[in-house]
Each structure stands twice: as C-alpha cells, then as structure tokens.
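In what follows, a single structure is set out as structure tokens and then discussed.
The basis for the numbers below is simple: all heavy atoms, side chains too, and nothing from hydrogens, waters or symmetry mates.
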Amino acid sequence: MKLAELLHLCLVSKKTGIITVSHPTATGKIYLDNGAIIDAESSDRSGVQAFYALATIPDADASLEENQHARVKVIAERSEYLLMEEFG
C-alpha cells in the first residue's frame with residue numbers, strides 16, 4: 001500500500017502500531033499511537049525530519065504492524081498537519 005493511503009487510514013481508524021516504509025533506496029519506520037504520528041526513524045534521521053524524508057520517497061511501499069508501540073512521543077506536530085504539509 002502507498003504511504004499516504006496507509007497513513008490516512010491509520011489516522012481515521014486511530015491505529016496504534018509501526019508503519020514500515022520500504023524502497024530500494026531507503027527504509028524507515030513511522031510510529032503511531034491511537035492514530036497520531038509520534039515518532040519516525042530512517043537510516044540517518046529521526047523525528048519529524050525522518051517523517052518528511054520517508055514521505056517524500058516516490059513509490060515507496062508501506063505496511064502496518066498493529067499494536068506494536070514502545071516509543072515516547074517525539075513529534076509534536078498534529079498528524080493532520082503533517083499529512084497536509086506532505087501530501088496535501
């Protein structure tokens with residue numbers, strides 16, 4: 001599934017889990033808690049910088065592993081704002 005579609009679904013459905021983003025050139029994870037994006041990590045970035053780096057990978061695939069979450073909230077921005085900034 002494409003990242004934008006999966007993020008929107010997770011936001012609306014208030015999912016908790018880890019989205020794994022994969023592409024031949026980069027990979028990373030986006031952490032969700034009750035539909036909110038709370039953290040992200042890629043090979044060389046973390047937090048909101050990692051989220052934006054992952055969101056701009058063209059044609060990246062994304063998958064959700066539900067109910068997996070062991071992160072402290074690092075990203076202060078609202079999820080809706082992040083989605084509008086990147087995909088709106």
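Rounding to the nearest 0.5 angstrom, the gap separating the CG atom in Leu64 from the CD atom in Glu66 is 5.0 Å. The line from CG of Asp33 to CG of Asp39 is 11.5 Å long, rounded to the nearest 0.5 Å. With values rounded to the nearest 0.5 angstrom, Asn67 atom CG is found 11.0 Å from Leu32 atom CG. The line from CZ of Arg71 to CD1 of Ile30 is 12.0 Å long, rounded to the nearest 0.5 Å.
Minimum heavy-atom separation, Ile37 to Ser79: N-OG, 2.7 Å. The nearest pair of heavy atoms linking Ala50 to Ser42 is CB-N, 3.8 Å.
In terms of hydrophobic clustering, with Ile, Leu, Val, Met, Phe, Trp and Tyr side chains grouped at heavy-atom distances under 4.5 Å, Tyr81 and Leu54 are assigned to a common cluster.
In this structure, the side chains of Leu7 and Phe51 come closer than 4.5 Å at one or more pairs of heavy atoms. Residues Tyr31 and Lys73 are not in side-chain contact: their nearest non-hydrogen atoms beyond the backbone lie 4.5 Å or more apart.
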Side-chain donor-acceptor pairs under 3.5 Å in residues 18-29, sequence neighbours left out?
| from | atom 1 | to | atom 2 | distance (Å) |
| --- | --- | --- | --- | --- |
| Thr20 | OG1 | Lys29 | NZ | 3.4 |
| His23 | ND1 | Thr25 | N | 3.2 |
| His23 | ND1 | Thr25 | OG1 | 2.9 |
| His23 | NE2 | Pro58 | O | 3.2 |

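When the shell of 6.0 Å around CD of Gln49 is examined, it contains 12 or fewer heavy atoms from other residues, nucleotides or ligands.
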Exercise. Run the side chain to side chain contact (heavy atoms under 4.5 Å, CB included) check on Ile38 and Val74 step by step: do they pass?
Worked result: CA-CA 6 Å; Ile38 61 168; Val74 173; over 6 Å; no
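Side-chain atoms of Thr56 come within 3.5 Å of backbone atoms of Ala53 as a donor-acceptor pair (strictly under, hydrogens ignored).
Checked against side-chain contact (heavy atoms from CB on, under 4.5 Å), Lys2 has the following partners two or more places apart in sequence or in another chain: Glu5, Asp59, Asp61. For His8, the side-chain contact (heavy atoms from CB on, under 4.5 Å) partners at least two apart in sequence or on another chain are Val12.
Between the side chains of Tyr52 and Glu85, no donor-acceptor pair is found at a separation under 3.5 Å.
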